[in-house]
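We count residues from 1, following the sequence as given. Only this structure's heavy atoms are used, side chains among them; waters, hydrogens and symmetry mates stay out.
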Amino acid sequence: MGYRTVLEHIDKACRDTQRARSDVTLVAVTKKHDAAAIAALIAQGQKTFGENRVQDAATKWPALRAQHPDVALHFIGHLQTNKVKEAVTLFDVIETVDSERLADALSLEMKKQNKSLPCFIQVNTGAEDQKGGVAIADLLALYRHCRDAGLDIKGLMCIPPANDIPDLHFALLHKLSRELGLTDLSMGMSADFDRAIAFGATYIRVGSALFD
Ligand SMILES: *Cc1c(COP(=O)(O)O)cnc(C)c1O
């Protein structure tokens with residue numbers, strides 16, 4: 001698709017579903033791409049990026065960030081507690097809080113670094129064993145725990161099962177976020193970001209479509 005075409009598709013999806021374009025932020029997922037490819041997107045005006053591995057981000061991003069201080073970096077992968085310190089140093093937003101243990105580690109580290117990074121709770125909407133995210137039955141308790149720990153929870157995030165119709169998961173995440181009074185929804189990837197916009201996504205995480 002390429003970057004320009006993805007932007008056009010986002011514009012169209014917003015028009016078609018009466019969403020304000022300013023309500024939808026494209027998170028450019030650059031996990032498979034090097035600093036030169038990222039710099040090319042920044043040169044075209046892209047400001048929000050996502051990476052799913054702390055280690056990879058640590059090799060690419062400090063130099064990019066020094067040159068482009070207005071760029072925001074989202075963590076979208078599974079976060080191990082032993083990587084929390086580095087993640088809080090490197091990232092601006094953590095999208096994948098999915099356990100009380102992780103919430104506590106993030107809260108402690110943010111206090112140490114005197115930061116308050118916006119966070120999302122990742123929900124395992126497809127109840128997949130191998131996937132991260134909190135089970136729906138445990139979401140309310142985790143949300144309360146995060147709030148009590150002082151985390152700034154902005155919204156919910158999900159990765160629908162690869163072979164399911166994504167609409168059901170997007171609608172479910174939207175409903176869950178409304179029940180908690182949260183506004184932000186991170187959902188939709190290359191194959192289905194237009195559907196996610198229809199269901200209220202405020203952040204879409206697009207990787208491969210930007211580059212193929
Ligand atoms: C890789 C990844 C994406 C982007 O997926 P594409 O299909 O390449 O657009 C989005 N979200 C997460 C959590 C990812 O790991």
Side-chain angles (χ1 to χ4, degrees), residues 1-17 19-79 87 90-96 117-118 120 122 125 131-133 154-167 169-170 173 184-212:
M1 233 183 226
Y3 182 59
R4 290 287 148 207
T5 309
V6 169
L7 291 181
E8 283 166 19
H9 282 235
I10 296 169
D11 288 350
K12 179 171 179 348
C14 287
R15 277 197 311 273
D16 288 351
T17 57
R19 299 281 317 276
R21 177 63 185 85
S22 56
D23 284 350
V24 180
T25 299
L26 168 63
V27 179
V29 178
T30 47
K31 61 192 180 199
K32 291 177 187 154
H33 298 273
D34 62 11
I38 297 167
L41 285 177
I42 295 173
Q44 293 180 82
Q46 180 60 26
K47 295 224 180 310
T48 310
F49 291 84
E51 292 278 346
N52 70 336
R53 287 175 200 273
V54 175
Q55 231 43 59
D56 291 349
T59 64
K60 293 187 273 187
W61 278 96
L64 285 164
R65 309 204 58 150
Q67 280 183 288
H68 307 283
D70 57 337
V71 158
L73 189 57
H74 290 217
F75 185 75
I76 61 170
H78 175 65
L79 186 53
L90 275 170
F91 290 88
D92 302 294
V93 177
I94 306 291
E95 293 206 13
T96 50
L117 305 186
F120 289 71
Q122 182 181 353
T125 57
K131 205 163 261 175
K154 293 289 186 203
L156 304 180
M157 176 271 208
C158 76
I159 309 170
N163 300 320
D164 264 16
I165 296 170
D167 290 23
H169 298 271
F170 298 155
L173 201 70
D184 279 311
L185 284 172
S186 174
M187 58 190 194
M189 316 199 297
S190 289
D192 52 26
F193 64 82
D194 53 337
R195 301 303 306 151
I197 289 170
F199 283 95
T202 59
Y203 291 87
I204 54 172
R205 308 177 310 270
V206 179
S208 47
L210 297 174
F211 301 97
D212 61 19

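In this structure a side-chain-to-backbone donor-acceptor pair under 3.5 Å is missing from T48 to V27. A donor-acceptor pair under 3.5 Å is absent between the side-chain atoms of R195 and the main chain of G188, judged by distance alone. A donor-acceptor pair is defined here as one N or O able to donate and one able to accept, closer than 3.5 Å; no such pair exists between the side chain of N52 and the backbone of F75. Judged by distance alone, with hydrogens and angles left aside, the side-chain atoms of Q46 form no donor-acceptor pair with the main-chain N or O of I38 at under 3.5 Å. In this structure, the side chain of K31 does not engage the main chain of G50 through any donor-acceptor pair within 3.5 Å. Without hydrogens or angle criteria, T17 side chain to A198 main chain gives no donor-acceptor distance under 3.5 Å.
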What pairs of donor and acceptor atoms, side-chain ones from residues 67-74 against any protein atom, are under 3.5 angstrom apart with sequence neighbours left out?
unit_1, atom_1, unit_2, atom_2, d
D70, OD2, K47, NZ, 3.3
H74, ND1, E95, OE2, 2.7

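Rounding to the nearest 0.5 angstrom, the gap separating the CD1 atom in I76 from the OG atom in S186 is 7.5 Å. With rounding to the nearest 0.5 Å, the separation of CG in L117 from CG in L90 is 10.5 Å. With rounding to the nearest 0.5 Å, the separation of CG in L64 from CG in L41 is 10.5 Å.
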Notebook entry, point to check: Hey, mind stepping through E51 and T30 against side-chain contact (heavy atoms from CB on, under 4.5 Å) and telling me if it holds?
Noted result: CA-CA 6 Å; E51 292 278 346; T30 47; 2.7 Å; yes

Notebook entry, point to check: When you look at Q122 and H78, which way does the side-chain contact (heavy atoms from CB on, under 4.5 Å) test go after all the steps?
Noted result: CA-CA 10 Å; Q122 182 181 353; H78 175 65; over 6 Å; no

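The shortest non-hydrogen separation linking G200 to L185 is O-CD1, 3.6 Å. G45 and Y3 make their closest contact through C-OH, 3.9 Å (heavy atoms, listed as atom of the first residue, atom of the second, distance). Heavy atoms only, all atoms of each residue included: G77 and T96 are closest at O-OG1, 2.7 Å. V29 and L210 get closest at one heavy-atom pair: N-CD1, 4.2 Å. The heavy-atom pair separating P160 from K131 by the smallest distance is O-NZ, 3.3 Å. Of all the heavy atoms in R19 and V24, the pair that sits closest is NH2-CG2, 3.9 Å.
Side-chain atoms of D194 and H9 form no donor-acceptor pair, as typed in the model, at a separation below 3.5 Å. Side-chain atoms of D23 and T202 form no donor-acceptor pair, as typed in the model, at a separation below 3.5 Å.
Summarising the local packing, CZ of R53 is surrounded by 12 or fewer heavy atoms from other residues, nucleotides or ligands at distances under 6.0 Å.
We find that K32 and D56 are not joined by a salt bridge, their nearest charged nitrogen and carboxylate oxygen being 4.0 Å or further apart. Residues K12 and D16 are paired through a salt bridge, judged by an N-O separation under 4.0 Å between the basic side chain and the carboxylate. With respect to K60 and D34, no salt bridge is recorded, no charged nitrogen being found less than 4.0 Å from a carboxylate O.
Aromatic rings from Y203 and F120 are positioned such that their centres are separated by under 6.0 Å. Taking the six-membered ring where the residue is Trp, the centroids of W61 and F49 are separated by under 6.0 Å.
Residues meeting the side-chain hydrogen bond (donor to acceptor under 3.5 Å, both in side chains) test with T25, sequence neighbours left out: none. Not counting sequence neighbours, H33 has no partner by the side-chain hydrogen bond (donor to acceptor under 3.5 Å, both in side chains) test.
Between S190 and R205, the closest side-chain pair of non-hydrogen atoms is not below 4.5 Å. With contacts defined as side-chain heavy-atom distances shorter than 4.5 Å, the pair R21/R15 does not qualify. Put simply, the side chain of F170 does not reach to within 4.5 Å of the side chain of T125, judged on heavy atoms.
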